[in-house]
Amino acid sequence: MKSTVALSVLYILAVIFVSAKAELKTKNCNDVKEAYSSKGFNVNDVPNKGVHGAHLKVCPQGFSCCTLEMEEKLSQQSRSDLKEPVSRLSSNMQSTFTQRHRHFDQFFRELLDNAEGSLHSMFVRTYGQMYMKNAELFKSFFQDLRRYYQQGSAAVNLDSMLAEFWEDLLERMFRLVNVQYEFSDAYMECVSRHTEQLRPFGDVPRKLRLQLTRAFIAARTFTRGLALMGEVVNKVSSVSASPSCVRAAMKMMYCPYCSGQVALKPCPNYCLNVMRGCLANQADLDFEWNNFLDAMLSLADRLEGPFNFESVMDPIDVKISDAIMNMQENSMQVSQKVFQGCGQPKPSKAFSRTSRSIKETGFTGRFRPYSPDARPTTAAGTSLDRLVMDVKKKLKHAKKFWSTLPDTVCEGERVAIGDEECWNGTAKSRYESVVMNSGLANQVANPDVEVDITKPDVVIRRQIVVLKEMTTWLKAAYNGNDISSDNEEDGSGEESGSGVCESPPCEGDMYFSTTAPAKPNVRFVHQETEGTKAAAPAARANLLLALLGLLLVLLETHWR
């Protein structure tokens, strides 16, 4: 009895198998023709009825609607289809940050132009011809700021440039307020060497140096970071798919065509395993990518706060004017200290003529104070805050972009709803394999893609190094330091602004909030001028008299 039942079951199964086989033989491939043609291929490549698929290299063998030629063409198509979503998502990312880089770069350049124009306009009204005769000094000042912004410390050392600016300004002003004297180049070198001790411009140079250095380093480094994002995305997204990846993509996307099930979509977890295998190298970029984005976000906070480029450049004309007015008000004390340290200068032989010339031109030896109400406003407004707010949202959205790229690709219309009735790589059924984690090392047991974990992609590894280096620069800029040494001709890697802002003092440190350090009494190294030569014998005589007096007192005490 039992044997009869068993034979009956086997007979029924055999009938079902033969019937299914016969149905496939007789089933036409019209749906496949239509789908194949929509991809741009010749519809005549598709057989009218199922053929034996023993010749196929990728898709399941048996009776199929695919020929070997069709499989090869669909393999090429799968390469393009695999690249398309990755390319599109990467292109959107690249476009977003290329545009933000352009906005920030244009904004910073416009602020520089506005600041220079505002200073020129105000100084023409305030100082008249005295400014016009020395306008090249201020023009050179802004040119150097532009060069640093464009080329960095390889072109301009900010500390040295600012020191030279104030030395040059002191020299010009010192001559103007002491027109009755004649100064040699050597004498003026003595004056310049002691600019910091004299502090003729008050605390403005120190404060302005701190502000400009922080703001320019932050602005330049941040814009470079935005530019780098686009470059990295472009290079990483251009990495070619491996042959094993193309094969896996073909099997996932087009083998359902060959089985005559053109509407059948891959199981979501199946798609994830394929894409995580194909994008394993890209996922390894994620760690340094996220570190880089965190550093960008931190520096963006600085741009909103103490390193605000706009708040430094907008009133720079007033700050420099304040320094000039301070020098004017203290010109007598400054001159006396100079005369004590560098020697008494010679009276000018042409002083009488100069006095008449100055009187005729209306210059009295005193600068006219400016009127703050007459100072023009810049067109920049407060748009830096809006720019930073916008870019911070984009930076946050870009985090984990590379590790989640397979998940983004394997969603929506590309995959089936759930892993039950879907294409699992061989048939319409449930997908049973475990989903691999992201990253190259985790693909050693990927069931759907052969990944050689011993050969990481060279292009992507290089971008990891680039991101790591840029992150270091961003963190340094956060503390007010420029450690980038690109395009350094001497290879010395000289730091511009090093030590300007050392953590933690930089935390919460706003502009003009730091008190000036106490200055010692000014003691100059005496120069071998005529005044010092004449004073030397008298000084020695006084010293001898003092010693003689002390000796007499000691003798008198002894004899008592």
Y131 and F138 aromatic centres sub-6.0 Å: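 Yes; F138 has its ring centre under 6.0 Å from that of Y131.
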Show the nearest heavy-atom pair for residues [X] and [Y], with the distance to one decimal.
X: V334; Y: L198; answer: O-CD2, 4.2 Å
X: Y148; Y: S153; answer: CE1-N, 3.6 Å
X: N157; Y: S160; answer: OD1-N, 3.0 Å
X: M470; Y: R224; answer: CE-CB, 4.1 Å
X: A477; Y: T221; answer: CB-OG1, 3.7 Å
X: G230; Y: T98; answer: CA-OG1, 4.4 Å

Can you say whether the rings of F309 and Y149 are parallel (under 30°), tilted (30 to 60°) or perpendicular (over 60°)?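 It falls in the tilted class, 30° to 60°.
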Distance-only polar pair, side chains of [X] and [Y], donor-acceptor under 3.5 Å:
X: N134; Y: Y127; result: no
X: R302; Y: S298; result: no
X: D317; Y: S118; result: yes

Heavy atoms, side chains only, cut-off 4.5 Å: are [X] and [Y] in contact?
X: L226; Y: M296; value: yes
X: D482; Y: T213; value: no
X: V233; Y: F97; value: no
X: R206; Y: R209; value: no
X: D294; Y: K399; value: yes
X: M161; Y: L145; value: yes
X: F401; Y: Q282; value: no
X: V338; Y: F183; value: no

When you measure from the side chain of [X] to the backbone N and O of [Y], does any donor-acceptor pair fall under 3.5 Å?
X: S331; Y: Q328; value: yes
X: W289; Y: S403; value: no
X: N281; Y: D457; value: yes
X: T223; Y: A219; value: yes
X: S87; Y: K83; value: no
X: R100; Y: V391; value: no
X: T195; Y: S192; value: yes
X: S184; Y: Y187; value: yes
X: S95; Y: S91; value: no
X: N178; Y: Y181; value: no

Is there a side chain to side chain contact (heavy atoms under 4.5 Å, CB included) between I217 and W473 once you walk through the steps? CA-CA 10 Å; I217 290 173; W473 294 349; over 6 Å; no
I'd like to know if K319 and D322 make a salt bridge, using a cut-off of under 4.0 Å between side-chain N and carboxylate O.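 No, no charged N to carboxylate O under 4.0 Å.
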Within a 6.0 Å radius of atom [atom1] on [X], are there more than 12 heavy atoms belonging to other residues, nucleotides or ligands?
X: R462; atom1: CZ; result: no
X: F287; atom1: CZ; result: no
X: K400; atom1: NZ; result: no
X: D185; atom1: CG; result: no

Go through E231 and K235 one step at a time and tell me if the salt bridge (Lys or Arg N to Asp or Glu O under 4.0 Å) criterion holds. CA-CA 6 Å; E231 295 170 7; K235 290 177 181 177; 5.4 Å; no
Separation between [atom1] of [X] and [atom2] of [Y], rounded to the nearest 0.5 Å:
X: Q340; Y: K337; atom1: CD; atom2: NZ; result: 9.0 Å
X: H194; Y: E189; atom1: NE2; atom2: CD; result: 12.0 Å
X: F222; Y: H101; atom1: CZ; atom2: NE2; result: 10.5 Å
X: N326; Y: F201; atom1: CG; atom2: CZ; result: 9.0 Å
X: Q94; Y: Q99; atom1: CD; atom2: CD; result: 12.5 Å
X: T471; Y: L299; atom1: OG1; atom2: CG; result: 11.5 Å

Taking the six-membered ring of F307 as reference, does the cationic atom of R214 (NZ for Lys, CZ for Arg) lie under 6.0 Å from its centre and within 45° of its axis?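 Judged by the rule (NZ or CZ under 6.0 Å from the ring centre, within 45° of its axis), R214 is not positioned above F307.
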Apply side chain to side chain contact (heavy atoms under 4.5 Å, CB included) to D301 and K392, showing your working. CA-CA 9 Å; D301 289 337; K392 283 171 71 175; 2.7 Å; yes
List the steps and the verdict of side chain to side chain contact (heavy atoms under 4.5 Å, CB included) for N291 and L467. CA-CA 8 Å; N291 286 342; L467 284 172; over 6 Å; no
Residue from Q143, K139, R146 passing side-chain hydrogen bond (donor to acceptor under 3.5 Å, both in side chains) with E116: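 The single option meeting the side-chain hydrogen bond (donor to acceptor under 3.5 Å, both in side chains) with E116 is R146.
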With side chain to side chain contact (heavy atoms under 4.5 Å, CB included) as the criterion, how do W402 and L279 come out once you've worked through the C-alpha distance, each side chain's angles and the decisive distance to 0.1 Å? CA-CA 8 Å; W402 302 105; L279 298 173; over 6 Å; no
CA sep, side-chain torsions, deciding dist, call: E136, R172, salt bridge (Lys or Arg N to Asp or Glu O under 4.0 Å): CA-CA 12 Å; E136 79 281 357; R172 293 169 189 245; 2.7 Å; yes
Salt bridge (Lys or Arg N to Asp or Glu O under 4.0 Å) assessment of D105 paired with R109: CA-CA 6 Å; D105 184 55; R109 290 174 188 268; 3.0 Å; yes
